[in-house]
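Quick notes on the structure that follows.
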Amino acid sequence: MRNVCKIFAILFFFIVDCQNLTAQLCEGSLGDPIVNITFGSGSNPGPPLSAATTTYGYASYDCPNDGFYAVRNSTSDCFGGTWYTLNQDHTGDPNGYFMLVNASYEPSSFYLDTVKGLCGNTTYEFAAWVANVFSLQSTCGARIDPNITFNIEEKNGAILQSYNSGNIPSQSSPVWQQFGFYFTTPSGVSDVVLRIFNNAPGGCGNDLALDDITFRPCGPKLTLSVAGTNSDSVQLCDGVAKSLDFSCTVSPPGFSNPVFQWQQNINGIWSDIPGASATSYTQNFPATTSVGKYFFRVRATEFGNEDSPQCGIFSLPVLVQVNANPATTAVNNGPVCENTALTLTATGGSKYIWTGVNNFSDSGSSVVINAVMQTQAGKYYVLVSDNNGCINTDSTVVNVKPAPVAATTFSKITICSGKSVQLVSSGGSTYSWSPVAALSSSVIGNPIASPLSSTLYVVTVTNQVACSDTASVMVTVDETPTANAGPDKAIIQGNTVTLSGSATGQSITYSWSPPVYMDNPQILQPVVNPPSDINYVLKVVSSNGCGSAADTMHVFWYKNIYVPSAFTPNGDGLNDTWRIPALSAFSSFDVVVFDRWGKIVFQSKNTSTPWDGTYKGTPAPIGTYVYQISLSQPPGLLKGTVTIVR
């Protein structure tokens with residue numbers, strides 16, 4: 001017995017009357033089309049069919065009348081738009097022809113063809129594509145839908161199989177539908193007749209397009225698999241030897257005594273693999289197998305028909321693709337200097353594994369090593385794999401240059417305003433200082449710095465291989481001190497006053513002299529109560545050796561408030577104004593002078609401005625005036641008179 005899957009000896013399909021059934025298409029595996037009637041392709045109109053094919057008349061124009069047909073690659077606005085426009089055939093080819101039929105008024109066959117070269121005792125699938133071209137929006141009376149019977153007959157007229165489409169209704173747009181069935185040829189019968197019969201009368205509707213009529217052997221379901229995968233394709237890699245075990249599963253019912261043959265597609269042509277006639281097959285792919293696609297399938301026939309190509313069915317093919325290994329590159333951004341970032345970059349795949357110096361390992365197409373050292377110089381390798389699992393390797397050599405060590409003799413220093421300091425650095429062959437302001441030179445190792453304010457100087461040291469390092473010096477500038485003893489003060493006997501001293505500079509001390517009649521001579525705003533007029537000197541000293549400064553103020557002492565009772569504003573320089581100096585000893589006061597009628601002729605608030613004896617720029621009359629002085633502290637309110645004498 002042949003080395004095949006055991007198939008129960010039963011017929012795969014029964015010959016039945018298929019009237020008014022849906023399409024009975026093959027559910028098993030199919031063979032190549034024995035007949036494939038596409039009506040050809042080209043520009044409109046297509047050529048007429050042979051005289052024996054149809055009893056309908058041929059129309060060379062776009063829209064055939066009742067009882068006529070046309071061969072077209074498209075239709076356009078037939079019968080005032082009552083037909084749908086077809087822009088292409090069922091396959092989507094804009095140049096592909098189809099048979100356009102306007103049914104005759106009487107039911108009749110409109111297509112007849114003799115199919116030759118079939119195999120006896122073999123099941124075939126017949127199928128055809130039909131479209132109702134009568135528009136759903138058309139109104140012409142009682143609508144007639146196409147109703148088609150497909151007959152497969154022996155040459156003597158005996159019907160082998162018949163199938164009725166039922167009514168094919170119009171839809172909202174033209175739709176190609178496949179109708180078909182299967183039949184089995186008797187033993188010894190190789191020629192059959194296809195007859196397509198239009199059961200509906202012509203008139204309002206019953207207009208159709210016919211395309212792609214096929215006869216294909218039909219048999220049991222052949223399912224291929226490859227051990228170790230559940231896919232219909234296998235990915236291999238160039239240079240890797242592999243042995244694949246193929247197997248075919250046959251789903252009954254089917255042939256009673258099947259014969260199997262494995263085939264391989266070479267340059268687009270399927271050819272038998274010698275000796276491969278079992279349901280399993282092993283194919284070796286040596287490491288020298290060329291990159292490319294390799295297809296495999298199984299052909300099955302009934303015993304006795306194995307030498308007839310038109311009798312076989314085929315499994316769906318399995319693809320074995322031998323992929324080229326990824327084309328990889330590996331580079332680095334070197335040579336790099338020590339303490340900078342080294343970047344390793346690879347291309348060509350989807351996964352990357354790096355190895356290298358000092359047991360280095362990492363993954364990714366781009367890998368960064370920060371603060372790289374000279375001990376990390378050397379060769380780095382990358383293993384690159386793609387989505388098919390194919391791999392390749394590459395390497396790159398890393399060169400790490402030595403970096404200088406920048407140094408300065410001091411990191412910070414303090415100088416006095418207006419002074420200079422020499423900055424000293426070492427470690428390289430060239431130097432660059434920043435900022436360049438107040439430097440004697442920015443490109444030497446030991447420039448003179450004369451900054452006006454505190455400045456951080458950074459030096460970049462570069463060696464002979466163009467690597468660099470930096471160091472810095474903070475130069476703090478202490479200002480020359482300043483002293484401000486503040487404004488002169490006034491005091492009434494028995495009271496106190498606060499001095500208003502101020503100072504500038506860094507690391508300074510200050511003191512008042514003489515240090516008498518004050519609460520604390522070491523602060524800027526001491527409280528004083530001298531018994532008479534006195535000068536106080538504020539001295540400020542820099543503890544950093546940046547010098548000293550001094551300033552003097554005067555404290556006026558008054559026994560009490562003296563208010564002159566008269567003055568002579570005659571311009572002789574003597575007693576020309578009414579002036580009350582002791583008022584400056586008060587933080588707040590208000591002086592108002594009235595004439596005899598109570599009108600204000602002079603007012604001064606919180607200022608020691610004297611009265612010059614005028615009113616609104618005009619000399620006030622000679623006479624006596626009343627004054628009122630309001631003070632913020634005792635004695636509070638003073639009243640009296642003052643006389644102008646000229």
Side-chain angles (χ1 to χ4, degrees), residues 482-503 512 516-520 523-538 551-646:
T482 64
N484 184 353
D488 292 344
K489 300 287 185 176
I491 188 172
I492 301 295
Q493 182 181 9
N495 292 334
T496 62
V497 68
T498 301
L499 306 187
S500 300
S502 62
W512 292 90
V516 294
Y517 312 118
M518 63 175 56
D519 62 344
N520 187 350
I523 62 175
L524 290 173
Q525 289 90 33
V527 176
V528 300
N529 59 347
S532 61
D533 283 9
I534 190 171
N535 286 329
Y536 284 112
V537 178
L538 174 64
D551 190 29
T552 302
M553 60 85 60
H554 184 78
V555 177
F556 294 91
W557 182 88
Y558 299 98
K559 185 176 180 63
N560 51 37
I561 301 174
Y562 170 70
V563 180
S565 60
F567 69 106
T568 58
N570 54 14
D572 63 357
L574 298 174
N575 203 27
D576 283 335
T577 61
W578 185 57
R579 181 171 172 272
I580 310 171
L583 289 178
S584 60
F586 295 88
S587 61
S588 177
F589 59 88
D590 188 12
V591 179
V592 182
V593 179
F594 305 91
D595 65 10
R596 72 172 79 182
W597 295 281
K599 180 173 65 178
I600 297 175
V601 296
F602 173 76
Q603 185 172 16
S604 175
K605 187 172 184 177
N606 297 330
T607 66
S608 298
T609 303
W611 184 29
D612 62 358
T614 63
Y615 174 67
K616 295 184 178 180
T618 300
I622 296 172
T624 300
Y625 295 82
V626 176
Y627 66 82
Q628 179 177 294
I629 302 173
S630 299
L631 302 172
S632 61
Q633 60 196 74
L637 182 63
L638 300 176
K639 293 181 179 181
T641 62
V642 58
T643 301
I644 296 178
V645 179
R646 288 192 176 87

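The basis for the numbers below is simple: all heavy atoms, side chains too, and nothing from hydrogens, waters or symmetry mates. Nothing fancy with the numbering, it's 1 onward along the sequence.
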message: I'd like to check V591 versus W578 (side-chain heavy atoms, cut-off strictly below 4.5 Å). Are they in contact?
response: yes
message: Could you tell me if the side chain of I492 sits less than 4.5 Å from the side chain of I561, heavy atoms only?
response: yes
message: Contact between W611 and S604 at the side-chain level, heavy atoms closer than 4.5 Å - yes or no?
response: no
query: Could you give all pairs that pass the side chain to side chain donor-acceptor pair (under 3.5 Å) test and reach residues 637-646, with sequence neighbours left out?
result: T624-T643
query: Quick one: does N484's side chain get under 4.5 Å of L538's, heavy atoms only?
result: no
- prompt: Does the side chain of S608 come within less than 4.5 Å of F589's, by heavy atoms?
  reply: yes
Exam field: side chain D519 to backbone V527, donor-acceptor pair closer than 3.5 Å: yes
field: Side-chain touch L583/L631, heavy atoms, less than 4.5 angstrom
entry: yes
message: Can a donor-acceptor pair be found, under 3.5 Å and without considering hydrogens, that links the side chain of D551 to the backbone of A485?
response: yes
query: Are any non-hydrogen side-chain atoms of I644 and F567 less than 4.5 angstrom apart?
result: yes
- prompt: Are M553 and S500 side-chain neighbours, meaning at least one heavy-atom pair lies under 4.5 Å?
  reply: no
message: Is the ring pair Y536/W512 parallel, tilted or perpendicular, if the boundaries are 30 and 60 degrees?
response: perpendicular
field: Side chain Q525, main chain G501, donor-acceptor under 3.5 Å
entry: yes
- prompt: Does W557 have its ring centroid less than 6.0 Å away from the ring centroid of Y517?
  reply: no
- prompt: Which class fits the ring pair F556 and H554: parallel under 30°, tilted 30 to 60°, perpendicular over 60°?
  reply: perpendicular
message: What's the separation between atom CG in L524 and atom OG1 in T498, rounded to the nearest 0.5 Å?
response: 12.5 Å
task: Grab the two heavy atoms, one from A566 and one from N575, that are nearest each other, plus how far apart they are.
output: O-ND2, 3.7 Å
query: Between atom CG of D576 and atom OG1 of T568, what is the distance when rounded to the nearest 0.5 Å?
result: 5.5 Å
